[in-house]
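Following: one structure in structure tokens, then a few remarks.
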Amino acid sequence: TRNTKARSTYDNVPKITHASHRKIFTGSTEKGIRKMTTIALYAVKGGVGKTTTTINLATALVKGCQKKVLIIDTNLQAPNVGLHVGVTQVDHGFEEVLEGKYRMVDAIYHHAFGFDLLIPNLATTAKIARLKEKVAVIKDNYDLILLDTMPAQIAAQTAVLDATDAIFIVTTPDSPTVLLAQKTIKSLQQRGYNVPGVICNKAAKGMQKKEMEETLGLPIIATIPES
């Protein structure tokens, strides 16, 4: 049974702080700024609020910027985007798309918060092969596609990261997590991925924005206060 009676996360939306990235998110591009459609929210470790951030960002873009947004839950081993927004079952799960039973468009679910969802019904061992090709089929239907990734090493989700135009790192401002994010950013960049910035969750504690940017070598493009 579908259930969309979930509490909105819009009260705690990300504050996008970096001007050029605000234009990318809202679709206003200028010379030298590349428009990004498929964006991965990525964190190597769990507990940094990546999934909540993905949902908050989608809600902000829909309600604040009138954008058409799709969230794809690519964490097939422990999918939880649906649980966060009160959707416990959809007619066709993302795992059925990956198994070739349905098309991407058949499994997309429109949520009451205003964004679309593509989520697994069940944890699955299905492989996300050729995700880039599958996303390309529906890419023109959306202003932004947000990929909620699993907290795992880069090598474990190459097919997901290869489908992106950009990868934004989600971190908390405590020193161990920031240093782990620093290593992750370098590894992603060495592999040729586009990593334009970082989203800082629970921003009231730990390292300050300037120190984080100096450590990470990237701008903090959005900050989210601890709720």
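With values rounded to the nearest 0.5 angstrom, I128 atom CD1 is found 7.5 Å from M150 atom CE. Atoms OG1 and CG, from T74 and L146 in turn, are 11.5 Å apart once rounded to the nearest 0.5 Å. Taken from CG in L144 to NZ in K68, the straight-line distance is 12.5 Å, to the nearest 0.5 Å. Taken from CG in L70 to CG in D143, the straight-line distance is 11.5 Å, to the nearest 0.5 Å. A distance of 5.5 Å separates CD of Q189 from CG of L218, quoted to the nearest 0.5 Å. In this structure, CG in L61 is found 11.0 Å from CZ in F115, a value given to the nearest 0.5 Å.
You'll find the side chain of M104 reaches within 4.5 Å of the side chain of I72, heavy atoms only. Under the 4.5 Å side-chain criterion, counting only non-hydrogen atoms from C-beta, T38 is in contact with L147.
No side-chain donor-acceptor contact under 3.5 Å links Y193 to the backbone of T164. Side chain of D73 to backbone of V81: a donor-acceptor contact under 3.5 angstrom is found. Counting only distance, with no hydrogens or angles, the side chain of N201 and the backbone of T172 share no donor-acceptor pair below 3.5 Å. Looking at N121, its side chain never comes within 3.5 Å of a backbone N or O of H92 through a donor-acceptor pair. In this structure, the side chain of D116 does not engage the main chain of I108 through any donor-acceptor pair within 3.5 Å. Between the side chain of T53 and the backbone N or O of G49, at least one donor-acceptor pair lies under 3.5 Å. With E213 contributing its side chain and K210 its backbone, the two residues share no donor-acceptor pair below 3.5 Å.
Other residues, nucleotides and ligands place no more than 12 heavy atoms under 6.0 Å from the CD atom of Q77. Other residues, nucleotides and ligands contribute more than 12 heavy atoms inside 6.0 Å of the CD atom of Q66.
The two residues G93 and A107 come nearest to each other via the heavy atoms O-CB, 4.3 Å. Taking all atoms of both residues into account, the shortest heavy-atom contact from C200 to I220 is CB-CG2, 3.9 Å. Of all heavy-atom pairs spanning G197 and I221, the tightest one is CA-CG2, 4.1 Å. Closest of all the heavy-atom pairs between I169 and A181 is CG2-CB, 4.0 Å. Taking every heavy atom of both residues into account, A40 and T149 meet most closely at CB-CG2, 4.1 Å. Here the closest non-hydrogen pair linking V85 and F113 is CG1-CE1, 4.1 Å.
The hydrophobic cluster containing Y109 does not contain L83, counting ILVMFWY residues as joined when their side-chain heavy atoms lie under 4.5 angstrom apart, directly or transitively. In the hydrophobic cluster analysis, where Ile, Leu, Val, Met, Phe, Trp and Tyr join through side-chain heavy atoms closer than 4.5 angstrom, V105 is grouped together with L98.
Under the side chain to side chain donor-acceptor pair (under 3.5 Å) criterion, D148 pairs with K50, T51, T54, not counting sequence neighbours. By the side-chain contact (heavy atoms from CB on, under 4.5 Å) test, P151 pairs with N75, sequence neighbours left out.
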- prompt: After noting the C-alpha distance and the side-chain angles of V160 and Y42, does the key distance pass the side-chain contact (heavy atoms from CB on, under 4.5 Å) rule?
  reply: CA-CA 10 Å; V160 174; Y42 184 80; over 6 Å; no
Could you give me the CA-CA distance, side-chain angles and deciding distance for I119 and F94, then say whether side-chain contact (heavy atoms from CB on, under 4.5 Å) is met?
CA-CA 5 Å; I119 58 176; F94 185 35; 5.6 Å; no
| task | For the pair L216 and V178, evaluate side-chain contact (heavy atoms from CB on, under 4.5 Å) and give the outcome as yes or no after the intermediate values. | result | CA-CA 7 Å; L216 298 171; V178 171; 3.9 Å; yes
(request) Start with the C-alpha distance between D162 and L131, add both sets of side-chain angles, then the distance that settles side-chain contact (heavy atoms from CB on, under 4.5 Å), and finish with yes or no. (result) CA-CA 8 Å; D162 285 350; L131 180 63; over 6 Å; no
For residues 134-141, dump all side-chain donor-acceptor pairs below 3.5 Å to protein atoms at least two apart in sequence or in another chain.
from : atom 1 : to   : atom 2 : distance (Å)
K139 : NZ     : D165 : OD1    : 3.2
K139 : NZ     : D165 : OD2    : 3.1

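Under the 3.5 Å distance criterion, with hydrogens and angles disregarded, no donor-acceptor pair is assigned to the side chains of D91 and Y102.
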